[in-house]
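Each remark here refers to the structure printed beneath this line.
We count ligands from 1, going down the list as the structure has it; atoms in each ligand are counted the same way.
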Amino acid sequence: MEVFHAAADLVGLNGRVRLELEEPDYEHIFYVTADLNDRLAPIAPAEGARYAKLAASSLRQDALIPLFDGKFSLRPDGLRGADLHVENGVIRLGEKGLFHIEEGKSRRFKAYRVQHNQARGPYKGGTRYHNAVSLDVFKMLAAEMTWKTAIADVPFGGGKGGIKLDPREYSKDELEAISLRYMYKLKPMIGPDIDIPAPDVGTNGEVMAWMFRQFSDGERERHTMRGIVTGKDVKIGGSEGRVKATGQGLAFCVEEWFQDQGLSLEGSRFILQGFGNVGSCAAEILCAMGARLIAVNDADGTVYNPDGLDVAALVAHVHQNRENLKRSVAGFAGGQAISKNDFWEIEADFLLPCALGDEITGDVASRIKVKLVAEGANHPTTPEGDEVLAARKIDLIPDIIANSGGVTVSYYEWIQNKRMEHWTEAEVNARLEKAIKSNYRIIKDISLDRPRRTPEFNSTPFMIGRKIPTRTAAMVLALKRIEAHYLIEGFSQ
Ligand code: NAD
């Protein structure tokens, strides 16, 4: 909130508007239960000798769903027709080894939806499935959505939510059951014109499809409800270009920065943290524009190749390889494994943090050797990190503009749903490019105290009268656009 208060002081934000924005409108914390499948958990190697004589059991191939922690989730009918030999709850599965059968249990998960502000339109924001979530994290992320939708100039407010779990520990049918129950509990609080979730870390178009089905199930006018979630598959009302939109928007911002510097992206080198949706799409797009990706760090490893990583091969390794249960860049043959510590010190033109928050600490910021940090992730830089970057004159494209491509195309999806239209990818990208570059230019103008009025954009109403950091400038733009609603519409009592 430091940047919020700094920008609020600079624009002389109305006192009551400041109070409205400091805390969310609503904080929902609730619980979701689901029945989990039986699991097979590998036994400790020391126990193996006790079962030397245990005969092998045979289960259908499709009965076992591998999970990233070495366990298998057993399909509900998984033991049908199986030839089972069990001793003390242990079975042997050919080459796979010895496993304890863990009986499936009902489980309770903590769930959240924070609705931060709706002055400019319905609450809008992603759904995160991750172990490191909390009310504080969602409050911060929901507020970021309020700033981001204002900067993107789409008629939405801000929200965020999700469930405390690691989706890699659950099979698809279990995740479906958990997601359906999540939407069942959310339904009284949201709607296509009230609050519109989207994917975020740990969720994707498939989860959105389940959520749409649950929300609209049995409703007479269910097709008018398609806009209840965005980030859907294009075959069920999603927008062309949505999957890549956040990475695409990030690439447009980076392209604009290079143009501002009079530099060419062609032949530039970058390092990337996070190779999920945002990171992998940004990498593909920037490499197609001529940049070279030389290192990637993710939750489970780091790969480095000074000559450039083959991004298509890396995407195949992480996202199309069913054996790679961690969905990690670790083990990629086209680069050498290095430590995360060494990753930060690689010399490159720019760094894209596209993983989780608070990764660029003061210490990391003092060690990185890049000219630009463009924030694909939400809140990747700590306040100390910001200070160090500024002192070292490393440029920054702040998250609330850099990763706003996702919510911008979510808005296009929502409009297409309302109008029952389908736009082409070229149309979506052309609109996105115009929107994100115009808003980025306004932010640069605020930051440089350079009022400009062009056919595409007008930055003159947002000037502060002196130069300010880019992150503060982005917040100034957000606050001025939000405050206008309160000042013109007034407050309902
Ligand atoms: P994702 O789940 O697809 O990928 C997350 C990536 O981060 C994975 O590669 C994972 O290994 C990596 N990661 C997780 N913890 C890490 C750690 N401690 N160190 C290094 N890497 C780690 O998520 P995503 O949708 O790509 O989102 C990434 C970031 O972008 C998040 O901050 C999210 O809030 C933000 N964001 C996403 C969207 C979107 O449209 N998906 C839009 C705006 C912002």
If you draw the axis of the six-membered ring of Phe215, does the NZ or CZ of Lys187 fall within 45° of it and under 6.0 Å from the ring centre?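 Because its charged atom sits under 6.0 Å from the ring centre and within 45° of the axis, Lys187 does stack over Phe215.
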Is Arg431 positioned over the aromatic face of Trp423, cation under 6.0 angstrom from the ring centre and no more than 45 degrees off axis?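 Output yes; distance and angle both within limits.
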Could you pull out every protein residue that has a heavy atom closer than 4.0 Å to ligand 1, ordered by chain and then number?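 Heavy-atom contacts below 4.0 Å: Arg128, Asp200, Val201, Gly202, Arg242, Thr246, Gln273, Gly274, Phe275, Gly276, Asn277, Val278, Asn297, Asp298, Ala299, Lys340, Cys354, Ala355, Leu356, Glu359, Gly376, Ala377, Asn378, Asn403.
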Does a side-chain N-to-carboxylate-O contact under 4.0 Å join [X] and [Y]?
X: Lys371; Y: Asp349; result: yes
X: Glu256; Y: Lys444; result: no
X: Glu483; Y: Arg120; result: no

May I ask you to test the Glu176-Arg213 pair for a side-chain heavy-atom distance under 4.5 Å?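 Sidechains of Arg213 and Glu176: in contact.
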